Chemist: 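This is the structure I have questions about; it appears just below.
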Amino acid sequence: MTKKRNSPTADSAKSGKGGGGTLSDYVELNPRVTLAKNTSVPFVSMDIIVPGTRKVYPVQERPATGSGSKFEPRDTLFARITPCLENGKIAQYAGERPGIGSTEFFVLRARPGLSDPDFVYYFANKQEVRSAAEKSMSGASGRQRAIISSLSDFECEFPPLPTQKRIAGILSAYDDLIENCQRRISILEKMARGLYREWFVHFRFPGHEGHPRVNSPLGEIPEGWEVRAIADICEAINYGYTASASSQEIGPKFLRITDIVPEIINWSRVPFCEIASDKVSKYLLKSGDIVIARTGATTGYAKRLNKLHPDTVFASYLVRIRAMANVSNRMLGILMESDTYKKFIQANIGGAAQPQANATVLTSMQLVIPPLSIARAFDQLIEPMMDAAELLAVKIQTLRHTRDLLLPRLLSGQIEVGEEE
């Protein structure tokens, strides 16, 4: 059994004397939350937790039941299952009402008078805390889970409450800027999707008035447009490179399924790949390439690479498509990143426990292709939006990097935060 140091008290926290102990002295783990049964409450699934993003907002509601984790606003949700734990799926619940979530969360709540909710979130992101949980994992391969005592018995000493609040305030400033950038990216992407729907779904493109329509396998389409499968408009369709990711900064980056699932690729988390120089060109990604996940629960998730990315090869569980020069890869990227494409793929792979799709399935969806003049006009409108969104994504990477450098130094006391005036 881990030997505890002297446990902290609310008086010592307020007076500034601090105190040592274990994490359970400062934080309630899996606290009790009372919810009226069968009422509709916010629900947080594991898949909407984005590593490196502080706040998670519920996007759906479910009836309150006896199963699953339960939490209140500002509680920290800590993934306990592989690979979510290793990927850093830790977030602070930002809903306005108590909610429920995946059974695979540990819930951490600040103890009144001893700890600050925002500080608890940042402390949970310490590498030492995550490593302790990872080392405790057991169970069948692929479904290993951490045990709660790995957190409750974690020896630590929180600084005095006023210091916690100042540290959390410094780190929160970075996360607020990140959230603002993400919001602006979301607006730009919404505008791009809106234009896509206007031009290529509702066919309200410039000059559409009076433009004759003709029958097609997808219904009436403008005359001069054609219906083609994705495969028919690609100059290349390739499977990725089989290799193990490397923590050594040798070779190009190695893009995996887990990297393309979040809305923004976090290039700082993408590992490297040791690959023979004569093979690099075959798997090297270019601007405009689209990669699609072909196995697992995220089969059908796709991502188009714009302009600002490091030299990158793609892993074997991804399929890369490269559109022909006379087709707008921006138009194609918007379609393939959409829920419409995901639903099409999911409907064509059945309900297998471990879904998989080959390149034929992933490129079988039909779409309406406009004349080249319309595609180029669309690109001229969309390109500035995509470029602006990408610059914001680069800014997010910089902010995250700075925040992640500050976090361990602030939490360890290497950087003093000073006293409030």
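Keep in mind it's a predicted model, so treat the numbers as computed, not measured.
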Chemist: Are I178 and R403 close enough that some pair of their side-chain heavy atoms sits under 4.5 Å apart?
Modeler: yes
Chemist: State whether the number of non-hydrogen atoms from other residues, nucleotides or ligands found under 6.0 Å of K395 atom NZ is greater than 12.
Modeler: no
Chemist: Quick one, S40 with E61, criterion side-chain hydrogen bond (donor to acceptor under 3.5 Å, both in side chains). Give me CA distance, side-chain angles, the key distance, then yes/no.
Modeler: CA-CA 6 Å; S40 184; E61 293 199 354; 2.7 Å; yes
Chemist: Looking only at atom types and distance, does a side-chain atom of Q346 sit under 3.5 Å from a main-chain N or O of T299, one as donor and one as acceptor?
Modeler: yes
Chemist: Please assess L23 against F123 for the test side chain to side chain contact (heavy atoms under 4.5 Å, CB included), listing each intermediate value before the final yes or no.
Modeler: CA-CA 10 Å; L23 187 59; F123 192 86; 3.8 Å; yes
Chemist: With a 6.0 Å cut-off on the ring centroids, do F272 and F254 count as close?
Modeler: no
Chemist: Do the side chain of S69 and the main chain of S102 share a donor and acceptor less than 3.5 angstrom apart?
Modeler: yes
Chemist: Could you go through I321 and T363, starting from their C-alpha distance and side-chain angles, then the distance that decides it, and tell me whether this counts as side chain to side chain contact (heavy atoms under 4.5 Å, CB included)?
Modeler: CA-CA 8 Å; I321 70 167; T363 59; 3.8 Å; yes
Chemist: Could you pull out all donor-acceptor pairs under 3.5 Å where a side-chain atom in residues 192-203 meets a protein atom, sequence neighbours excluded?
Modeler:
{"residue": "E198", "atom": "OE1", "partner": "R204", "partner atom": "NE", "Å": "3.0"}
{"residue": "E198", "atom": "OE2", "partner": "R204", "partner atom": "NE", "Å": "3.4"}
{"residue": "E198", "atom": "OE2", "partner": "R204", "partner atom": "NH2", "Å": "2.7"}

Chemist: What's the spacing between K307 NZ and D387 CG if we round to 0.5 Å?
Modeler: 3.5 Å
Chemist: Could you check whether atom CD of E96 has more than 12 heavy atoms from other residues, nucleotides or ligands sitting under 6.0 Å from it?
Modeler: no
Chemist: Hey, does the side chain of D404 reach the backbone of H401 with a donor-acceptor pair shorter than 3.5 angstrom?
Modeler: no
Chemist: Backbone N or O of A94 within a donor-acceptor pair of the K55 side chain at under 3.5 Å?
Modeler: no
Chemist: Distance alone, cut at 3.5 Å: any donor-acceptor contact between the side chains of T82 and E86?
Modeler: yes
Chemist: Does the side chain of T258 come under 3.5 Å of the side chain of R269 through a donor N or O and an acceptor N or O?
Modeler: no
Chemist: Look up atom CD1 in I185 and atom CE in M385, then write down how far apart they are to the nearest 0.5 Å.
Modeler: 14.5 Å
Chemist: Measuring only between side-chain heavy atoms, which start at C-beta, is F158 closer than 4.5 Å to D25?
Modeler: no
Chemist: The criterion is salt bridge (charged side-chain N to carboxylate O under 4.0 Å, His left out); which residues satisfy it with R32, sequence neighbours excluded?
Modeler: none
Chemist: Restricting to pairs with a member in residues 31-87, which pass ring-ring contact (aromatic ring centres under 6.0 Å, His included), not counting sequence neighbours?
Modeler: F71-Y93
Chemist: Has the side chain of Y239 got a donor or acceptor atom that lies under 3.5 Å from a matching backbone atom of A359?
Modeler: yes
Chemist: Tell me, with the steps shown, if N125 and R130 meet side-chain hydrogen bond (donor to acceptor under 3.5 Å, both in side chains).
Modeler: CA-CA 7 Å; N125 276 275; R130 292 171 52 184; 4.9 Å; no
Chemist: Starting at CG of N329, measure out to CG of D379 and round the result to the nearest 0.5 Å.
Modeler: 7.0 Å
Chemist: Under the 3.5 angstrom rule, does the side chain of R409 hit a backbone N or O of L405 as a donor-acceptor pair?
Modeler: yes
Chemist: Less than 4.5 Å apart, any side-chain heavy atom of V44 and any of I100?
Modeler: no
Chemist: Between Q366 and A229 (side chain of the first, backbone of the second, donor and acceptor by atom type, cut-off under 3.5 Å), is there such a pair?
Modeler: no
Chemist: If you look at every heavy atom in K70 and V33, which pair is closest and at what distance?
Modeler: CD-O, 3.5 Å
Chemist: Considering residues at least two apart in sequence or located in another chain, which fulfil the salt bridge (charged side-chain N to carboxylate O under 4.0 Å, His left out) criterion with E263?
Modeler: none
Chemist: Measure the spacing between OG1 of T295 and CD of Q356 and express it to the nearest 0.5 Å.
Modeler: 4.0 Å
Chemist: Are the side chain of K342 and the backbone of E337 linked by a donor-acceptor contact shorter than 3.5 Å?
Modeler: yes
Chemist: Between S328 and R376, do the side chains contain an N or O donor and an N or O acceptor separated by less than 3.5 Å?
Modeler: no
Chemist: Would you list the pairs meeting ring-ring contact (aromatic ring centres under 6.0 Å, His included) in which at least one residue belongs to residues 278-316, sequence neighbours left out?
Modeler: Y241-Y283
Chemist: Walk me through it: do T402 and L399 pass the test side chain to side chain contact (heavy atoms under 4.5 Å, CB included)?
Modeler: CA-CA 5 Å; T402 306; L399 289 167; 5.9 Å; no
Chemist: By the salt bridge (Lys or Arg N to Asp or Glu O under 4.0 Å) test, which pairs, at least two apart or in different chains, include something from residues 274-303?
Modeler: D289-R322
Chemist: Check each of K165, R111, R166 against D116 using the salt bridge (Lys or Arg N to Asp or Glu O under 4.0 Å) test, and report the only one that passes.
Modeler: K165
Chemist: Work out which heavy atom in A133 is nearest to a heavy atom in A146; give both atom names and the distance.
Modeler: O-CB, 3.3 Å
Chemist: Identify whether the distance between the nearest side-chain nitrogen and carboxylate oxygen of R145 and E104 falls below 4.0 Å.
Modeler: yes
Chemist: Would you check if the side chain of K89 reaches a backbone N or O of I49 as a donor-acceptor pair within less than 3.5 Å?
Modeler: yes
Chemist: CG/L367 to CZ/R228 distance, rounded to the nearest 0.5 angstrom?
Modeler: 9.5 Å
Chemist: Considering only heavy atoms from C-beta outward, does the side chain of E134 approach that of R80 to under 4.5 Å?
Modeler: no
Chemist: For side-chain hydrogen bond (donor to acceptor under 3.5 Å, both in side chains), just list the numbers for Y122 and D175, CA-CA rounded to whole Å, side-chain angles, deciding distance to a tenth of an Å, and then say yes or no.
Modeler: CA-CA 11 Å; Y122 290 113; D175 278 319; 2.5 Å; yes
Chemist: Are any non-hydrogen side-chain atoms of P252 and I275 less than 4.5 angstrom apart?
Modeler: yes
Chemist: Is R143 close to I81 at the side-chain level, that is, under 4.5 Å between some pair of heavy atoms?
Modeler: yes
Chemist: Hey, does L308 have a side-chain heavy atom less than 4.5 Å from the side chain of L391?
Modeler: yes
Chemist: Would you compute the distance between atom CD1 of I292 and atom CD1 of I257 and round it to the nearest 0.5 angstrom?
Modeler: 11.0 Å
Chemist: Within the 4.5 Å heavy-atom criterion, are I230 and M336 side-chain neighbours or not?
Modeler: yes
Chemist: Side chain of Q92, backbone of R74: donor and acceptor closer than 3.5 Å?
Modeler: yes
Chemist: Would you say D311 has more than 12 foreign heavy atoms packed within less than 6.0 Å of its CG?
Modeler: no
